[in-house]
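This report concerns only the one structure given below.
Proteins come first, then strands; the chains are lettered A, B, ... in the order of their sequence lines, and each starts at number 1.
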Amino acid sequence: MATPLKTRIAVPRSRDNSVDGIKYNRSGSKRNNFEMFAWLYMRVSGVLLIVLIFGHLFVNLMMGDGVHAIDFGFVGGKWANPFWQTWDLIMLWLAMIHGTNGVRTVIDDYAEKDRTRFWLKTLLFLASGFILLVGTLVIFTFSPCPTGADPSLVPSFCPAP
Amino acid sequence: MTPGPARSAQWQCIRGPLAGRKTDAAALRLMKQGGYSVPNTSKGTLYRGRQGMWSWVAHRVTGIAIFFFLLVHVLDTALVRVSPEAYNHVIATYKNPIMGLGEAGLVAAIVYHAFNGLRIILIDFWKNGAKNQKAMLWGVLILWVIAVVPFLVRHLAIVFGGH
C-alpha cells in the first residue's frame, strides 16, 4: 500500500466531541449556538458595513468641501431625507453591535480573571447600550428647523422665522 | 543537550506572550502524550507568526481604535439635538489640521479593517481561502494603497487647502 505523501487532517466541526483524543467541543454543558451566530454576524454585518461606511465617508469627506462642509445645516439637510435617516440608523446598529462583539472577544482573550472579564463586559454592554439608545433617539427625534434657532445656522429649506 | 528540530518546535509553542499559561501547557502535555511532534513553527500554521499573525494583530488594533472613535462620534453627532451652536462648536474641532491628520489615520484604519475583513471571510468560506491567505494579504495591502492614496490626496487638500 502506497504511503500518502501528506497526512490528511480532519477539520474539527463544532459537533465533534473529540478528534484523535483531543477535546474540541469546549462549550461544556451549554447547548446554544450563540458563538456561531456571533461569528456569522461579524461576517454578514462586516460586508454590509463596508458599503454603508464607505458611502458615509465618501459623501461626508470627499464630496463638496469635505469636512469643512459639515455643520448643523449639513446634518439637517441629510436627515430631512428618510433615505439618509435609514442609512445612518442601520449603520449605527450594525457597527455598534459589530464593535461590541469584537471588543467582547478581545476581553475574553486577554482578561484572565473571571471577575475582571465580568466587569469589563458589563461596562462594555452598558456603554454600547447607552450609545445605541442615544444615537437612535437622536435620529428619530431630530428636528432640522428647531424653533428659536439662529436662521443662519439651520438648513436653507427651513421657513423664515 | 542540543536543541534539535523537534525541541525548537516545542519552544515555539510556549514562548511569547502566552508563555506559562495553563491552556498552552495543557495543550502541550496532551500533544506530548499523544506522541505528536508539535507543529507550531511559524511557517507551518495558518495564524501563528509572520503575515498571518501580524495581519490579525493589525485587525484587532484597528478594530478597537475604530470602536472607540465610534463611541465619541455618536456622542458628538448627538449634539445636533442640543442646539445648532453646540454642534457647530464641537464639529469645528474636526476641521483643524491636527484632527485632519487624525481623520486620515482613522480612514486608513477603516479601509484596512474592511479589506482584511473580506480576506478573513474568504479564508473562512472559500475552499482555497486558507491556502491563499498570504497572497490575499498582499491583495489587501494593494487595495488599501489604491483606496487610501486618492483619499489622502483629496482629504489633505481639503484640510490644508486654506479654507
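Within the 4.5 angstrom heavy-atom criterion, atoms from both the backbone and the side chain of B:V80 approach chain A. Contact of A:F74 with chain B is not made at all, since no heavy-atom distance falls under 4.5 Å. For chain B, no part of A:F58 is nearby; none of its heavy atoms comes within less than 4.5 Å. No part of B:F68 comes within reach of chain A, as not one of its non-hydrogen atoms sits under 4.5 angstrom from that chain. For A:I131, the parts sitting under 4.5 Å from any heavy atom of chain B are the backbone and the side chain alike. For B:E85, the parts sitting under 4.5 Å from any heavy atom of chain A are the backbone and the side chain alike. The part of A:I53 that comes within reach of chain B is its side chain, from C-beta onward, which places non-hydrogen atoms under 4.5 angstrom from that chain. Residue B:V90 does not touch chain A at all, counting heavy-atom pairs closer than 4.5 Å. With a 4.5 angstrom heavy-atom cutoff, B:I91 touches chain A only via side-chain atoms. For A:L61, the parts lying under 4.5 angstrom from a heavy atom of chain B are both the backbone and the side chain.
Between chain B and the residues A:V154, A:T141, A:L132, the largest count of heavy-atom pairs under 4.5 Å involves A:T141. In terms of heavy-atom pairs under 4.5 Å with chain B, the best-connected choice from A:V75, A:I139, A:L49 is A:V75. When the candidates B:H155, B:R60, B:H73, B:E103 are compared by the number of heavy-atom contacts under 4.5 Å with chain A, B:R60 comes out ahead. For the set B:I64, B:L71, B:I66, the count of heavy-atom pairs under 4.5 angstrom toward chain A peaks at B:L71. Contact count against chain B (heavy-atom pairs under 4.5 Å) is highest for A:F72 among A:F142, A:W39, A:F72.
Ring-plane geometry between B:H59 and B:H113 is classed as parallel, the angle between the planes falling under 30 degrees on a 0 to 90 degree scale with a further cut at 60. Using a 30° and 60° split on the angle between ring planes, A:W84 and A:W87 fall in the tilted class, from 30° to 60°.
Residues A:F157 and A:W79 fall into different hydrophobic clusters, defined by Ile, Leu, Val, Met, Phe, Trp and Tyr side chains chained together at heavy-atom separations under 4.5 Å. Linking ILVMFWY side-chain heavy atoms closer than 4.5 Å, directly or via other members, places B:V149 and B:W144 in a single hydrophobic cluster. Side-chain heavy atoms closer than 4.5 Å link hydrophobic residues (I, L, V, M, F, W, Y) into clusters, and following such links, possibly through other members, connects B:W54 to B:W138.
The number of heavy-atom neighbours closer than 6.0 Å to CZ of A:F130, taken from other residues, nucleotides and ligands shown, is 12 or below. Shown here is B:F125, whose CZ atom has more than 12 heavy atoms of other residues, nucleotides or ligands within 6.0 Å. At most 12 heavy atoms of other shown residues, nucleotides or ligands fall within 6.0 angstrom of atom CH2 in A:W119. Atom CG of A:L126 has more than 12 neighbouring heavy atoms from other residues, nucleotides or ligands inside a 6.0 Å radius.
With rounding to the nearest 0.5 Å, the separation of CZ in B:F69 from CD1 in B:I110 is 7.0 Å.
Although no hydrogens or angles enter the test, the distance criterion places no donor-acceptor pair under 3.5 Å between the side chain of B:N88 and the main chain of A:D71. Between the side chain of B:R154 and the backbone N or O of A:M62 there is at least one donor-acceptor pair closer than 3.5 Å.
Using non-hydrogen atoms only and a strict 4.5 Å limit, the part of residues 89-107 of chain A facing chain B consists of A:L92, A:A95, A:M96, A:H98, A:G99, A:T100, A:V103, A:T105, A:V106.
Aromatic ring centres of A:Y41 and A:F34: separated by at least 6.0 Å.
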